[in-house]
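A short worksheet on the structure shown next.
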Amino acid sequence: AQRVTQPEKLLSVFKGAPVELKCNYSYSGSPELFWYVQYSRQRLQLLLRHISRESIKGFTADLNKGETSFHLKKPFAQEEDSAMYYCALSPGGGADGLTFGKGTHLIIQP
Amino acid sequence: DGGITQSPKYLFRKEGQNVTLSCEQNLNHDAMYWYRQDPGQGLRLIYYSQIVNDFQKGDIAEGYSVSREKKESFPLTVTSAQKNPTAFYLCASSFTPPGFHGYTFGSGTRLTVV
């Protein structure tokens, strides 16, 4: 069965500093990887998908199949980035459910 | 506000009773999902449905049941067989495949067994 690991429960960085939220996965095939975000008092929402290869709100994530990682990065953190971030995996596009990591709470200090 | 509605927001249940959580969407999504969220555990998939009158077990289906009689609705019943029902329950929906927009999540129902 597939698994997603987010090793950091909490990550605190100062505004303007680089951010990297780690995500490692285990799956024997070629999965699709996602990052979901939940801001305070808002619903969980999609941040980005690896196949889109785009930058959303300054965040990027590259799928590294050799290291089975999908780390989320932003060069300069902003206070509004404070949120709960979940990495998720789907074996086949997501229609059969996503496997989520346990999440990382990102706090950006002023 | 919109798209996918979960009700009620808070629910209390006595031990031994079944309880049904509602999830309704007006997004014309084909697929719907139920997740359970416990502190420090992330989201775990309970059941999902890709089409009306069909659904599949997720990773933690024991003690739960669902139905999908209408495209818009995917109610979850927490039965008395569920040993640890106190949790936060999230419903989601998507197109098949989810595509650019991914899943749309509801605001959740917090179930407490008293």
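Atoms considered below: every heavy atom in the structure, side chains included; atoms not considered: hydrogens, waters and symmetry mates. Letters A, B, ... mirror the listed sequences (proteins, then strands); counts begin at 1.
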Item checked: Flag if over 12 foreign heavy atoms under 6.0 Å of CD, Glu80(A) ->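 Check passes, neighbour count above 12.
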Using a 6.0 Å cut-off, check whether atom NZ of Lys73(A) has over 12 heavy atoms from anything other than its own residue.
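12 or below, so no.
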Tell me whether [Y] is reachable from [X] by hopping between hydrophobic residues (I, L, V, M, F, W, Y) whose side-chain heavy atoms are closer than 4.5 Å.
| X | Y | result |
| --- | --- | --- |
| Tyr27(A) | Leu63(A) | yes |
| Tyr85(A) | Val13(A) | yes |
| Phe59(A) | Val4(A) | yes |
| Tyr48(B) | Phe95(B) | no |
| Tyr86(A) | Leu89(A) | no |

Got a second to check how far Ser107(B)'s OG is from Leu44(A)'s CG, nearest 0.5 Å?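 The CG atom of Leu44(A) is 12.0 Å from OG of Ser107(B), to the nearest 0.5 Å.
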To the nearest 0.5 Å, how far apart are CG in Asp59(B) and OG1 in Thr99(A)?
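If we round to the nearest 0.5 Å, Asp59(B):CG and Thr99(A):OG1 are 5.5 Å apart.
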Tell me, side chain or backbone of Leu45(B) under 4.5 Å from chain A's heavy atoms, or both, or neither?
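For Leu45(B), side-chain heavy atoms alone lie under 4.5 Å from chain A.
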Contact origin within Gln50(B) toward chain A - heavy atom pairs under 4.5 Å: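 Contact with chain A involves the side chain of Gln50(B) alone.
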### Query
So, the side chain of Tyr35(B) versus the backbone of Phe100(A): is there a donor-acceptor pair under 3.5 Å, distance only?
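Absent.
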Quick one: does Tyr33(B)'s side chain have a donor or acceptor within less than 3.5 Å of a partner on Asp96(A)'s backbone?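 Pair absent, no side-chain N/O of Tyr33(B) close to backbone of Asp96(A).
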(message) Does any backbone or side-chain atom of Gln2(A) lie under 4.5 Å from a heavy atom of chain B? Answer side chain, backbone, both or neither.
(response)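 Contact with chain B involves no heavy atom of Gln2(A) at all.
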* Asked: Going through the checks in order, is the ring-ring contact (aromatic ring centres under 6.0 Å, His included) test met by Tyr103(B) and Phe34(A)?
  -> CA-CA 11 Å; Tyr103(B) 288 18; Phe34(A) 308 81; 7.5 Å; no
If you define the side chain from C-beta out and look only at heavy atoms, does anything of Arg43(A) sit under 4.5 Å from Ile4(B)?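 When only atoms from C-beta onward are counted, Ile4(B) and Arg43(A) do touch, with a gap below 4.5 Å.
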Item to check | Top contributor to chain B contacts, counting heavy-atom pairs under 4.5 Å, from Lys102(A), Gln45(A), Gln6(A), Lys9(A) | outcome: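 Counting heavy-atom pairs under 4.5 Å, the top option is Lys102(A).
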